[in-house]
Amino acid sequence: EKADIGVTGLATMGRNLARNFAHHGYVVAVHNRTEERTRQLMDDHAGEGAFLPSGSVEEFVASLNRPRKAIIMVKAGAPTDAVIEELAAYMEPGDMIIDGGNANYEDTRRREAALKERGLHFVGTGISGGEEGALNGPSIMPGGAAEAYKTLGPLLEDIAAKVDGTPCCVHVGPDGAGHFVKMVHNGIEYSDMQLIAESYDLLRQALGLSPAELAEIFREWNRGELESYLIEITAEVLGHVDAATGRPFVDVVVDQAEQKGTGRWTVQSALDLGVPVTGIAEAVFSRALSGHPDQRAAARGLAGPDATAKPEAGVHADLVEDVRRALYASKIVAYAQGFDQMAEASKEYGWDIDLGAMATIWRGGCIIRARFLDRIRAAYDADRKLPTLLVDPTFASALSEAQDAWRRVVATAATIGVPTPGFSSALAYYDGLRRDRLPAALVQGLRDFFGAHTYRRVDREGSFHTDWSADRTEHSA
Ligand code: 6PG
């Protein structure tokens with residue numbers, strides 16, 4: 001008997017994905033560079049389903065049914081290239097290599113093109129949901145050729161999370177589309193976490209609430225429109241007490257946020273595409289700021305606001321509700337920006353990404369799963385060509401209801417000296433977008449003044465230059 005699918009790279013994610021396939025009745029070929037991991041999987045989980053262990057890549061490929069489907073779950077970058085080469089050497093035209101890691105979409109485009117020349121399919125696939133999701137149902141974002149999805153898709157849809165019976169898996173688009181969308185998912189994950197962190201920090205600093213009290217507030221928030229996995233686990237983390245010291249866990253963790261790169265890639269790509277993903281960018285930069293302890297130590301003595309600038313007693317409940325609204329409004333902005341980025345990349349690369357479908361497959365399984373995504377899906381269902389999520393009637397009215405609170409929160413934060421780059425930049429984006437006239441006109445004037453870069457006029461077609469250094473007459477450029 002041969003395997004329906006294979007997984008090579010049996011660290012936590014790979015192992016759990018293999019078990020998920022086995023739980024769904026598939027025969028799963030398993031392989032790992034060092035055989036110990038393969039043995040471990042067989043020792044611990046062989047009874048859960050049909051696994052075919054292999055000691056070598058050649059044996060692993062030979063154990064697969066044609067067209068062969070081999071999923072790679074190894075570190076992004078050079079290790080992935082190495083495994084692709086090894087697999088491809090034993091594969092035949094029509095076979096598929098599926099990369100389930102957090103690869104950079106440009107690598108995926110390159111690999112897909114190279115393997116296509118050899119008659120092989122390369123399916124760069126975003127997989128979200130961590131260890132738990134991999135085992136019990138992740139959100140899956142496969143790219144690659146539609147033809148490959150025809151045979152591969154049903155297996156992936158089987159093991160994916162389901163929401164209202166709909167699998168959280170859809171063919172995103174050709175070549176790197178799947179990994180691109182996963183990258184933006186992670187960028188949004190960064191901004192979600194940043195906004196949550198700002199909410200926690202502001203309420204703690206302004207009102208002197210304890211982590212345990214804040215855990216309760218997040219638990220409460222999770223019963224409303226903010227309901228999501230990240231809010232749910234925020235309550236867990238804030239409520240956790242360190243066993244060794246008896247202190248709140250959050251107070252014994254070093255306050256320097258790390259990153260593996262997907263958030264940074266999102267911002268790099270957004271800069272190239274010209275899409276303002278300010279929420280994601282501020283989240284990435286906030287992590288970077290936290291990671292400079294020397295600068296932070298040196299700056300600790302800089303002047304801050306008068307300590308009496310704290311909000312007055314009695315504002316407690318109001319500020320909590322204001323922050324909840326600011327969080328929701330800023331979250332709408334962050335998602336709107338992420339969806340804009342997917343739309344722009346889709347145009348740039350000819351991917352034809354269905355944005356509503358992305359919201360649909362993010363409703364379950366992934367880290368940013370949230371009730372809110374149903375609303376995004378509905379927004380794109382109602383208008384596929386929505387210029388920005390902010391103008392969808394549901395979101396527009398949510399923003400309108402939240403905006404006063406949002407402004408108070410940003411003002412309070414600035415007054416008491418608590419940094420809220422996520423809230424503030426989201427509000428600035430909102431105000432920028434809805435502005436009738438922007439000061440970009442002045443920027444254009446300055447560019448023309450020092451560099452003869454020209455400008456367009458509101459009342460006539462064409463480009464113009466003013467002769468700033470002489471008589472200031474205007475010429476058609
Ligand atoms: C997911 C997560 C997953 C992972 C990130 C974390 O969707 O399951 O996003 O991909 O947790 O790698 O990224 P950072 O280490 O950069 O925070």
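Read the numbers this way: they start at 1 and go in the same order the structure lists the ligands and their atoms. Because the structure is a prediction, the values reported are computed rather than measured.
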For Trp362, the ring pair (Phe, Tyr, Trp, His ring centres under 6.0 Å) test, sequence neighbours excluded, returns His185, Phe339
Using a 3.5 Å cut-off on N/O to N/O, what pairs does ligand 1 make with the protein? A line per pair would be great.
from, atom 1, to, atom 2, distance (Å)
ligand 1, 7 (O), Ser128, OG, 2.4
ligand 1, 7 (O), Lys182, NZ, 3.2
ligand 1, 8 (O), Ser128, OG, 3.4
ligand 1, 8 (O), Gly129, N, 3.0
ligand 1, 8 (O), Gly130, N, 3.2
ligand 1, 9 (O), Asn186, OD1, 3.0
ligand 1, 9 (O), Asn186, ND2, 3.2
ligand 1, 9 (O), Glu189, OE1, 2.5
ligand 1, 9 (O), Glu189, OE2, 3.1
ligand 1, 10 (O), Asn102, ND2, 2.8
ligand 1, 10 (O), Lys182, NZ, 2.9
ligand 1, 10 (O), Asn186, ND2, 3.4
ligand 1, 12 (O), Asn102, ND2, 3.4
ligand 1, 15 (O), Lys260, N, 3.4
ligand 1, 15 (O), Lys260, NZ, 3.2
ligand 1, 16 (O), Tyr190, OH, 2.5
ligand 1, 16 (O), Lys260, N, 2.7
ligand 1, 17 (O), Arg287, NH1, 2.9

Note: Lys69-Asp4 ion pair, threshold 4.0 Å (strictly below) = no
Taking only Lys NZ, Arg NE, NH1 and NH2, and the carboxylate oxygens of Asp or Glu, determine whether Arg324 and Glu225 approach each other closer than 4.0 Å.
-> yes
Distance-only check: which donor-acceptor pairs under 3.5 Å involve side-chain atoms of residues 132-146, not counting sequence neighbours?
from, atom 1, to, atom 2, distance (Å)
Glu132, OE2, Asn136, ND2, 2.9
Ser139, OG, Ile361, O, 2.6

If you draw a 6.0 Å radius around CZ in Phe285, do more than 12 non-hydrogen atoms from other residues or ligands fall strictly inside?
-> no
Taking side chain to side chain contact (heavy atoms under 4.5 Å, CB included) as the test, write out the residues that go with Gln40, two or more places apart.
-> Glu36, Asp44
